[in-house]
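Quick notes on the structure that follows.
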Amino acid sequence: MVKKAAGIPVRSYFDAEVYQMELDLLFRNRVSYLTAAGKVKNDCDYYVVERLQDSKILTKKGGQLQLIDNICAHRQAQMLSGCGNSRFLTCPMHRWSYEHDGRCVHSPLYRDEKATVRLGKGELLQWKGLLFEGPSQPGPVFEDFHLLEAMQIDKMVYRRTVREDVGYNWKHYIDVFGENYHIPFIHPGFCAFLDMPSMQWVEHGEYHAQLIRPRSPRHLRSNNATPVYRKWIDGLLEFFKGDIPEYAGILLMYYPNLMIECYPLYMLITTIHPTGPESSVLYSDYFHHRDIAEARPDLVAAAEAACEETMLEDSDLCSRIATGRRLLYQQRREAEGPYQRPYEDGMAMFHQFYNRAMEAVASAGLASAGGA
Ligand code: FES
Ligand SMILES: [Fe+2]
């Protein structure tokens, strides 16, 4: 059971100074999820990484994946957007061209330049078919997580990414991800699939995981799922011949902002990126198990529809919480409800991580102030 935790002050969800501290402390120099390796499949494919604010390009050449700057070495223009396939990567400004590893191969009129110039490179890391940038592999962090293999991450095939701009602080979303208490009230479809009393948490300093088993096949056949979930559940019952996998969901929250959710036959990877004290951008990557990714478009569509229904309901919940806390903030009031154990343990774990990290900065600041 998670230790007693202190909450996050209301001010932290709105304050510009806290926001800057979070960027420096929680988001810089940490491993960042970029995309799936399957995003660049063919030789000379490139993809400008949205999750890095289009600052880097993922390229593939000769089977080699590389992460290079999307900022031109000549006058620092942002060069490309989106994705494509091209023998060279060319800046539209003065047409300098680069190899897929960042070497400059053409600089019009000034031939000598190209010999010495190259684009900066990022530290690209691969783990189970997923790509990251950062100082360390995410894999070792999960080494002791006993259900990592059951998640079948490396058997999932990337399909698409959805972006959503939201008008609230990123932590509201992480809070909601760390509690299951709302599921029966907010998610009637999703809840029809889950055996809520079976829910368990796994605690780790760098992540938390929630494990939920499915309802019994008899319940799954008979319950009142929403029409969208009815379709997905019926598809699963047919695919697995009534023998649904042991876990209905294994959900990892890798602090501060990466969520990997594995359900039978599909996986959702979501990251939320702060863009201001009260604005964020959400990216959600859909993956499907290789057994159905091509062969069963009906199951793929049913899973994505079900997932979208749940995400829409969560979006409304996050907005309402953000609105309530904003009212408190405007009235200069503090409030924090009790953690409802065990359903809200994940939120308590995230708050512990957050407070620990932010306090580390505060004490480092005090120490340096004292030494001055
Ligand atoms: S800024 Fe890119 S070629 Fe000049
Ligand atoms: Fe939810």
Side-chain angles (χ1 to χ4, degrees), residues 46 48 54-57 68-81 86 88-99 102-120 162 164 166 168 170-196 199 201 208-212 225-226 228-229 232 248-253 259-263 268-270 272 280 282 284 303 305-322 340 342-347 350:
Y46 70 86
V48 179
D54 288 358
S55 65
K56 293 211 165 66
I57 312 171
I68 56 173
D69 274 348
N70 189 28
I71 299 164
C72 184
H74 175 226
R75 278 294 154 262
Q76 294 72 51
Q78 192 175 50
M79 299 192 299
L80 306 177
S81 59
S86 174
F88 297 109
L89 305 169
T90 301
C91 176
M93 298 299 118
H94 312 92
R95 309 289 302 173
W96 281 27
S97 290
Y98 300 92
E99 253 298 356
R103 275 178 297 132
C104 184
V105 289
H106 184 59
S107 49
L109 308 180
Y110 299 91
R111 289 178 181 198
D112 290 348
E113 299 292 355
K114 69 177 196 276
T116 55
V117 170
R118 67 178 309 142
L119 297 171
V162 175
E164 187 189 359
V166 294
Y168 51 74
W170 65 282
K171 298 189 292 300
H172 298 301
Y173 194 90
I174 306 296
D175 284 352
V176 167
F177 191 82
E179 60 103 341
N180 281 311
Y181 192 29
H182 68 276
I183 287 182
F185 316 112
I186 301 293
H187 302 307
F190 191 29
C191 190
F193 184 57
L194 306 174
D195 177 37
M196 290 308 296
M199 198 269 310
W201 293 97
H208 67 63
Q210 38 190 319
L211 324 174
I212 314 176
T226 58
V228 167
Y229 265 89
W232 181 58
I250 304 174
L251 287 71
L252 280 184
M253 166 74 241
M259 290 145 276
I260 305 177
E261 304 173 51
C262 291
Y263 303 101
L268 184 73
I269 297 189
T270 302
I272 184 159
S280 315
L282 269 165
S284 299
C307 187
E308 279 165 5
E309 180 175 288
T310 304
M311 287 172 76
L312 208 60
E313 292 158 349
D314 275 330
S315 177
D316 181 54
L317 177 59
C318 288
S319 296
R320 282 170 183 269
I321 290 174
Q340 300 307 128
Y343 291 109
E344 296 184 321
D345 276 6
M347 186 194 293
F350 168 60

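Since the model is a prediction, treat every value here as computed from it, not as a measurement. Whatever order the structure lists ligands and atoms in, that order sets their numbers, starting from 1. Sequence positions, counted from 1, serve as the residue numbers for this chain. Values below: all heavy atoms of this structure, side chains included; hydrogens, waters and symmetry mates excluded.
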Checklist line | Metal site atom 4 (Fe) of ligand 1: N/O/S of Cys91 inside 2.8 Å | finding: no
| Salt bridge or not for Lys171 and Asp175, using N-O below 4.0 Å? | no
Between Gln210 and Asn180, does any side-chain donor sit less than 3.5 Å from a side-chain acceptor?
yes
Note: NE2(His182)-the Fe ion (ligand 2)-NE2(His187) angle, rounded to 10 degrees, equals 90°
In terms of relative ring orientation, are His208 and Trp201 parallel, tilted or perpendicular, with 30° and 60° separating the classes?
perpendicular
Numbered in order shown, the ligand 1 atoms found under 4.0 Å of a heavy atom of Trp96 are 3 (S)
Atom 4 (Fe) of ligand 1 -> His94, closest N, O or S atom is ND1
Per residue Asp314, nearest N, O or S atom to the Fe ion (ligand 2) is named OD1
### Message
Tell me whether the Fe ion (ligand 2) has Glu313 as a neighbour, meaning an N, O or S atom of it below 2.8 Å.
### Response
no
I'd like to know if atom 4 (Fe) of ligand 1 has an N/O/S atom from His74 within less than 2.8 Å of it, counting both backbone and side-chain atoms. yes
In ligand 1, the atoms that come under 4.0 Å of a heavy atom of Arg75 are 1 (S)
Requested in this report: Could you walk me through whether Arg75 and His94 pass the side-chain contact (heavy atoms from CB on, under 4.5 Å) test, one step at a time?
Outcome: CA-CA 9 Å; Arg75 278 294 154 262; His94 312 92; 4.3 Å; yes
Relative to the ring of Tyr98, is the ring of Trp96 parallel (under 30°), tilted (30 to 60°) or perpendicular (over 60°)? tilted
### Task
Give the C-alpha distance, both sets of side-chain angles, the deciding distance and a yes or no for side-chain contact (heavy atoms from CB on, under 4.5 Å) between Tyr343 and Met196.
CA-CA 9 Å; Tyr343 291 109; Met196 290 308 296; 4.0 Å; yes
